[in-house]
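Chain A is the first sequence line, chain B the second, and so forth, proteins listed ahead of strands; every chain is numbered from 1.
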Amino acid sequence: MSSDRQAVVARHLAKEVSSGTQTLTILHDVSLSLPAGESLAIVGASGSGKTTLLSLLAGLDRATRGQVLLDGVDLGTLDEDGCARLRAGRVGFVFQSFQLLAGFTALENVMLPAELAGYADAPARARLALDSVGLSARLEHYPAQLSGGEQQRVALARAFCGEPAILFADEPTGNLDTETGARISELLFDLNHQRGTTLVLVTHDAQLAGRCTHQLRLRAGRVI
Amino acid sequence: MSGEASALRFALRRLRRGWRSGELLILLLALLIAVSASGTVRLFAERVRLALNEGSSEALGADLVISSNRPLPEHLRESARAAQLRSAEVLQLSSVVFAAEVSSLASIKAVSADYPLRGTLRLAALPYAPAQDAKGPPQGAAYVDAKLWQDLQLQAGGEVAVGELKLRVAGVIENEPDRGNGFSDLAPRLMMNRADLDASGLLGPGSRADYRLYLAGAREAIARLVPAQPEHGLRYTQPQDARRELRGVVQRAGQLLDLAVLAAMLLAAAAVAQAARQYGEKQREEIALLKCLGASRAFITRALLLQLLLLGLAAGACGALLAAAGQSALAALLQSSLQLALPPVSLQPLLGAVALGLLMLLGFAAPPLLSARNTPVLRVLQRAAESPGAQRLSLLLALATAALLLWLATGDAQLALRVALGTALTLGVLALLAWLLVRALQPLRRGGRRGFALRFGLANLARRRGATVAQATGLGIGLLALLLVSVVREDLLDSWRNKLPADAPNQFLINIQPEQREALQAFFASHGLGTVKLWPMARGRLVALNGKPVDVESFDDPQTRAWINREFNLSWTDVIGSDNVVTQGQWWGEAGRGQAWLSAEEYAIERLHLKLGDTLTLDFSGETQTFTVHNFRKVDWGSFKPNFFLLAPEDAVGEAVPRQYIASFYLPAARRALLRELVAQFPNISVLDIDAALRQVRGLITQVLRALEFVLLFTLASGLALLLAAVEATRGQRQRETALLRTLGASRVQILAALMAEYALLGLLAGAVAAIAAQSLAWLLAVQLLDIPYGPRPLLWLLGMLAGALLVMALGWLSLRGSLRTAPRQVLAG
């Protein structure tokens with residue numbers, strides 16, 4: 001499923017934050033390149049800069065230095081809304097803490113990205129997506145009525161509902177027990193293969209990382 | 001290290017770190033408003049009430065009048081001197097006075113030089129000529145009223161003989177402050193100096209006279225002089241016992257001020273509860289962590305309560321300062337029109353206001369905040385782990401505190417209970433309305449083809465049903481306050497002011513004989529004054545009650561004794577005006593003609609302890625007739641129209657009973673000279689000019705309105721604080737949602753549009769709900785408290801909804817504009 005087209009490219013990325021008079025460098029000169037349809041696991045200890053790198057690659061945050069190309073588009077040339085528009089059409093997310101809207105049903109949560117991307121058939125797409133994660137019987141349930149594993153499956157359905165080209169996942173099994181975590185990662189990779197999505201994954205889980213075609217190991221903000 | 005010390009340290013640190021968060025600021029703001037509103041009003045309530053009493057004091061000519069039909073004991077004067085009160089002596093008796101060959105029975109009033117102590121005596125050179133302020137007559141001089149001038153056919157510079165004394169007529173009385181507009185003292189007036197009275201020889205042994213001591217000065221000193229049980233034969237009259245029409249205004253004004261403060265306090269309390277709940281929610285994780293680290297429940301309780309206490313003290317101190325400033329502003333407002341010497345500001349009401357603020361914290365903020373203590377320690381591991389809700393208890397405590405606050409603030413248990421029930425009912429109705437409207441939005445939950453922002457915003461309301469109902473209710477209450485303050489207030493107060501229109505009757509004609517009726521109507525018609533309603537009147541003395549003979553000695557109550565002593569004025573009619581309301585029994589209408597029935601007014605009921613069916617036997621100059629009490633009436637004495645304690649049906653009073661007629665009409669000041677023509681044509685008719693009394697009531701109403709407008713500013717501020725609290729309540733949640741939506745690709749414009757659509761609809765919803773409630777409340781206030789008619793106001797609905805949408809949008813934007821800038825990466829922080 002791979003192609004020569006690069007889905008995610010980072011060149012000499014650095015991120016610094018200042019706290020009072022001190023400047024703290026969280027990421028030092030990170031470069032990477034991920035062809036479309038392939039998968040990358042970003043691994044490392046806590047505080048190594050994994051989530052920061054993910055947020056820079058997805059255009060959720062601005063790098064202090066360096067360049068990110070997402071699906072061929074230089075994020076540095078876009079303002080915040082430009083980044084948002086890019087994400088709406090081409091990027092999906094899965095979070096460690098699921099990030100479902102509490103007041104919305106499973107179906108309404110899944111519909112969201114499709115609605116934002118302007119799909120008129122958002123409800124139908126959402127039903128299909130929920131069906132693909134085995135939750136067609138739980139459409140009208142609220143997050144609080146679902147187990148952790150089910151909530152993450154809803155989050156997966158939401159991530160794929162907008163048919164993204166690139167999927168970012170931040171510790172997708174971090175909040176789940178081993179068994180449920182294994183089922184979720186199975187589902188994630190299955191969907192990824194079916195849809196030919198490019199996957200960028202942050203994880204502590206060596207097994208999950210091992211299923212990715214590429215791995216990037218960080219220590220104290222540097223690629224090792 | 002003691003537990004208290006470390007809890008205090010923790011509480012201080014927590015406040016220092018958390019003061020920037022919206023809910024602590026709102027808590028502080030709401031508390032500040034409550035303390036300053038209650039403090040301001042408590043501080044100047046005394047001054048306002050004093051000012052209002054001052055208005056009535058004018059009607060009494062003093063702050064206190066002690067009277068007796070025997071010379072007053074000397075110790076009364078000594079006590080008054082010791083209390084540094086100003087005093088004036090007044091002695092009233094009846095005697096015949098002469099001018100050359102003409103004589104007339106006059107009510108003689110001998111006054112000392114300081115008379116009157118309150119209000120103004122106004123004198124003119126000739127009857128109905130322009131008048132000026134004056135004090136009591138000097139020795140050797142007399143003032144007469146227009147009636148006596150006419151009866152004695154006086155000329156400018158004339159003389160009158162009073163007993164053995166000759167007095168020079170030095171002026172015609174236009175207004176005598178303490179004469180009132182009653183009909184008890186209708187004999188023409190002659191006023192002379194007290195020092196001349198002995199020389200007149202009128203005050204011989206056995207002469208019937210009314211001895212009065214007029215006193216004025218510090219309120220406390222006056223209050224100390226009034227004994228719980230007066231000495232036998234002494235009567236104490238204070239401003240509140242004076243004229244009925246002024247008493248009504250003062251009472252209503254007090255109630256309106258109380259209501260405005262109550263509304264401010266309840267709104268502030270709601271904002272406090274809202275903000276405290278939110279603050280508690282934010283602390284849940286921290287509390288779980290503290291528990292996990294080994295903090296005891298007692299430590300957490302102490303730390304939370306200490307935070308509240310510190311907040312309360314800070315808000316109390318600032319509120320007290322604001323209250324001190326606020327009351328001076330009000331005092332300045334009133335002082336300019338009343339020229340009062342106000343007592344200095346005392347600390348006690350301020351401490352009372354701070355205590356009220358702390359009570360508010362205890363009742364409204366403590367329960368929701370303390371419920372955060374129940375956060376299970378498991379929450380450290382599992383964010384979703386929720387504690388069992390203690391919401392019902394919080395609600396009960398809040399309601400109980402609200403009732404207690406209301407009672408403490410007004411000292412009127414019935415009013416407190418009414419307002420508390422009204423508030424609970426209003427809240428219930430608001431919540432029900434909001435719920436119905438939210439249900440109507442349900443179909444919007446599903447996506448459509450276009451207009452994501454609008455649809456998302458609208459659907460959001462339907463999706464968050466519980467929160468929307470709570471917010472619409474909170475917003476509705478805030479908007480209700482704003483609507484009541486801004487629009488309804490104008491409506492109500494204008495109606496109240498207009499109750500005494502510029503052309504309210506200002507002249508009464510008394511003593512009209514039956515045969516003069518036609519000629520009098522012709523006189524009015526020829527001067528373009530139209531026809532006037534003539535009220536028949538027969539004077540009778542009560543001789544038996546339920547068949548049992550009665551006289552003055554049958555009653556203990558001094559007021560009843562005084563009333564029984566005089567003749568009753570009985571009138572008869574088929575119809576009653578809008579200033580009369582039947583409270584028990586039925587009005588007889590034409591069907592009652594010829595029936596020996598009576599309609600008794602509240603005053604008569606109270607004095608004689610009447611029940612329906614009681615019989616009264618009246619003696620009309622030898623003609624005795626027995627009447628049965630058929631119904632009870634309440635009279636609005638502020639209408640300035642002729643009214644009677646006792647009314648009978650037409651033809652109920654026998655033809656043989658002597659009768660006369662009275663009438664009232666409006667005469668513009670410029671046409672006062674017409675009165676001279678009238679009395680020249682009808683010499684026996686007495687003209688009673690109540691223009692001054694009318695002016696007094698109008699002046700009082702104006703002052704009350706000013707005071708009320710000032711107090712309503714606090715109500716307005718609390719309403720805004722509650723609106724802000726209601727919007728702020730969901731800020732954290734919205735911030736998280738905004739970050740997620742941004743991550744999922746929503747543009748800032750889309751999110752802003754969705755939020756604004758949501759807030760606009762929420763505002764419309766709350767505005768509609770508030771307009772319904774405002775309309776009902778205004779109607780209730782108008783009909784129950786102010787006795788004025790009030791109809792529906794369609795504009796109020798439109799205005800309510802529009803103002804609701806705009807205000808909530810503006811507040812929502814203020815509250816969330818920071819959230820719109822939330823970097824989407826925050827969503828990764830979990």
### Message
Under the criterion side chain to side chain contact (heavy atoms under 4.5 Å, CB included), I'd like the reasoning laid out for B/T743 against A/F95: C-alpha separation, chi angles, the key distance, then a yes or no.
### Response
CA-CA 11 Å; B/T743 307; A/F95 307 99; 3.8 Å; yes
### Query
Step by step, would you call A/V91 with B/L744 a side chain to side chain contact (heavy atoms under 4.5 Å, CB included)?
CA-CA 8 Å; A/V91 179; B/L744 296 180; over 6 Å; no
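Chain B forms more heavy-atom pairs under 4.5 Å with one residue of A/R90, A/R85, A/R158 than with any other, namely A/R158.
When all heavy atoms are compared, the tightest approach of A/A88 to B/G745 is CB-O, 3.4 Å. In terms of heavy atoms, B/A746 sits closest to A/A84 at O-CB, 3.4 Å.
When atom types are taken as modelled, the side chain of A/R87 and the backbone of B/R742 share a donor-acceptor pair closer than 3.5 angstrom.
Within 6.0 Å of the CZ atom in B/R748, the count of heavy atoms belonging to other residues, nucleotides or ligands exceeds 12. Within a 6.0 Å radius of CZ in A/R222, no more than 12 heavy atoms belonging to other residues, nucleotides or ligands are found.
Distance CG/B/L740 to CG/A/L112: 7.0 Å, rounded to 0.5 Å.
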